[in-house]
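Below is one structure, written out as structure tokens; the observations come after it.
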Amino acid sequence: MNTKIKNFIPYTFPLDPPKDENALLHRANSLFGYTLGELSIYAKLEIPPNLKRNKGWIGMLLERYLGASAKSKSEQDFASIGIELKTIPVDISRRPLETTFICVAPLTGNSGVTWETSYVRYKLSRVLWIPIEGHRTIPLAMRRIGVPLLWSLNAKEELQLKSDWEELMDLIVLGKVENITAHHGDMLHLRPKASNGKALTAAIGKFGQPILTMPLGFYLRKKFTAKILERYSIYYLL
DNA sequence: TAATGATCATCA
DNA sequence: TGATGATCATTA
């Protein structure tokens, strides 16, 4: 399957949101094999020399091609059909090169929140994964789009994430947020999510008092997303 | 500041 | 060399 078969892209931008799951998947499939350089030209979007100062650029580009509700709120990218979009950088074996950001961790106002009602679960309930060649040695414009995968949490995955989430949220709620490191959590963990090391947000201190601390985000470890991408990966280079 | 989109860069 | 900790752009 190393023959690159391209599909004509008849899109005019901006696109309407896809009316259903099939429409979204059809669009996503049509992008397979294109390079980021090609997509940037058709979308009339300037391509940066690299991602150092444009870390979310690929995600924004793909949002255009799939008709995601641009600059959305705290919702899934395709809220009307219940789907979140994630681009994920992969190597030639379709293995993830980076962890996957999910959402900012709520450090206050967590009374009554459970895994079932959590924002993490909402975001991950159904995800359209789009693998992209991600090695920094490949010029950005030459990186190719891989085969997309529409995924839902299965029972095993949900148990794994729920377990991690409950452990991490306990630390947050019980005032141990400043003890949290990326070592906590087997599949899901917390890491800084901020503009810089000086950013502060409200949280609960060790005596239950209000404090200011570094904002954290939930991320999926690579070993978790690797398992997801292994599905249906038999025939494809990416 | 917080939310969206993530990857960079350092060090064990 | 990979994971952790740090950071970049943009919008509201």
Side-chain angles (χ1 to χ4, degrees), chain A residues 14 17 36 39-40 43 45-79 83-93 95-110 118-120 122-124 127-140 143 145-146 164 168 171-172 177-203 210-226 229:
Chain A
L36 296 179
L39 294 189
S40 72
L45 196 65
E46 191 179 348
I47 191 168
N50 56 58
L51 297 177
K52 286 185 184 180
R53 295 191 165 276
N54 295 270
K55 299 183 183 186
W57 186 83
I58 298 176
M60 311 293 281
L61 177 69
L62 272 291
E63 283 181 354
R64 288 207 189 192
Y65 273 95
L66 297 174
S69 38
K71 278 303 152 194
S72 56
K73 318 115 193 164
S74 298
E75 282 186 346
Q76 292 160 321
D77 295 289
F78 305 96
I83 297 175
E84 172 73 10
L85 171 68
K86 289 289 176 200
T87 60
I88 182 166
V90 296
D91 65 15
I92 199 65
S93 301
R95 291 189 63 84
L97 291 168
E98 295 287 350
T99 57
T100 300
F101 171 72
I102 305 166
C103 60
V104 172
L107 303 184
T108 59
N110 285 308
S118 70
Y119 199 52
V120 172
Y122 166 72
K123 283 267 185 166
L124 293 181
V127 177
L128 177 63
W129 298 95
I130 302 192
I132 318 276
E133 277 185 323
H135 270 301
R136 297 182 204 178
T137 52
I138 307 173
L140 190 57
R143 298 184 196 175
I145 310 296
D164 288 338
L168 297 167
L171 293 171
I172 290 172
V177 64
E178 292 178 307
N179 300 333
I180 294 174
T181 72
H183 298 282
H184 296 88
D186 183 25
M187 297 298 180
L188 181 73
H189 66 167
L190 289 166
R191 301 214 310 282
K193 171 66 176 174
S195 290
N196 55 60
K198 297 171 187 168
L200 293 173
T201 191
I211 60 168
L212 288 176
T213 190
M214 165 172 289
L216 299 174
F218 281 106
Y219 296 80
L220 291 175
R221 289 189 186 277
K222 289 195 277 187
K223 64 179 178 181
F224 187 83
T225 48
L229 294 179

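Note that the coordinates shown come from a computational prediction; the quantities given were computed from them, not determined experimentally. Chain identifiers are assigned alphabetically (A, B, ...) following the order of the sequence lines, protein sequences preceding nucleic acid strands; residue numbering begins at 1 within each chain.
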Is the shortest heavy-atom distance from the side chain of S74(A) to the side chain of Y119(A) under 4.5 Å? yes
R95(A) atom CZ, neighbour heavy-atom count above 12 within 6.0 Å: no
For L62(A) and dT4(B), what is the distance between atoms CG and C1' respectively, to the nearest whole Å? 15 Å
What string of B, S and - do you get for nucleotides 5-12 of chain C 5' to 3' if you count protein non-hydrogen atoms under 4.0 Å? BBBBSBS-
When the distance from CD1 of I130(A) to P of dG5(B) is rounded to whole Å, what number comes out? 13 Å
If you measure from the Lys or Arg side-chain nitrogens to the Asp or Glu carboxylate oxygens, is any gap between D186(A) and K223(A) under 4.0 Å? yes
Round to a whole Å and report the spacing from NE2 of H189(A) to P of dA3(C). 10 Å
Without decimals, in angstroms, what is the distance between K223(A) NZ and dG2(C) C1'? 13 Å
When rounded to whole Å, the CD to C1' distance for the pair E75(A) and dT4(B) reads 12 Å
Does the side chain of V177(A) reach to within under 4.5 Å of the side chain of I211(A), using non-hydrogen atoms? yes
Given W129(A), which partner from the list V90(A), T87(A), I88(A), L85(A) fulfils the side-chain contact (heavy atoms from CB on, under 4.5 Å) test? I88(A)
Considering every strand and a 4.0 Å limit on heavy-atom distances, what is the contact class for R221(A): base, sugar-phosphate, or nothing? sugar-phosphate
Check whether any side-chain nitrogen or oxygen of T87(A) sits under 4.0 Å from OP1 or OP2 of dG5(B), and answer yes or no. no
Base, sugar-phosphate or nothing for P215(A)? Non-hydrogen atoms, less than 4.0 Å. nothing
Report the distance from atom CG of D77(A) to atom C1' of dA3(B), rounded to the nearest whole Å. 13 Å
Donor-acceptor pair, R136(A) side chain versus N50(A) backbone, under 3.5 Å? no
L200(A) near the nucleic acid: base, sugar-phosphate alone, or nothing, with a heavy-atom cut-off under 4.0 Å? sugar-phosphate
Distance check, rounded to the nearest 0.5 Å: L36(A) atom CG versus W57(A) atom CH2? 5.5 Å
Toward the 5' end of DNA chain B, by each residue's nearest nucleotide, W57(A) or T201(A): T201(A)
Among dC8(B), dG2(C), dA3(B), the one nearest K222(A) by side-chain distance: dG2(C)
Round to a whole Å and report the spacing from CD1 of I102(A) to P of dT4(B). 12 Å
Distance, rounded to the nearest Å, where L107(A) contributes CG and dA2(B) contributes C1': 12 Å
Whichever of K123(A) and L51(A) has the more 5' nearest nucleotide on DNA chain B, that residue is K123(A)
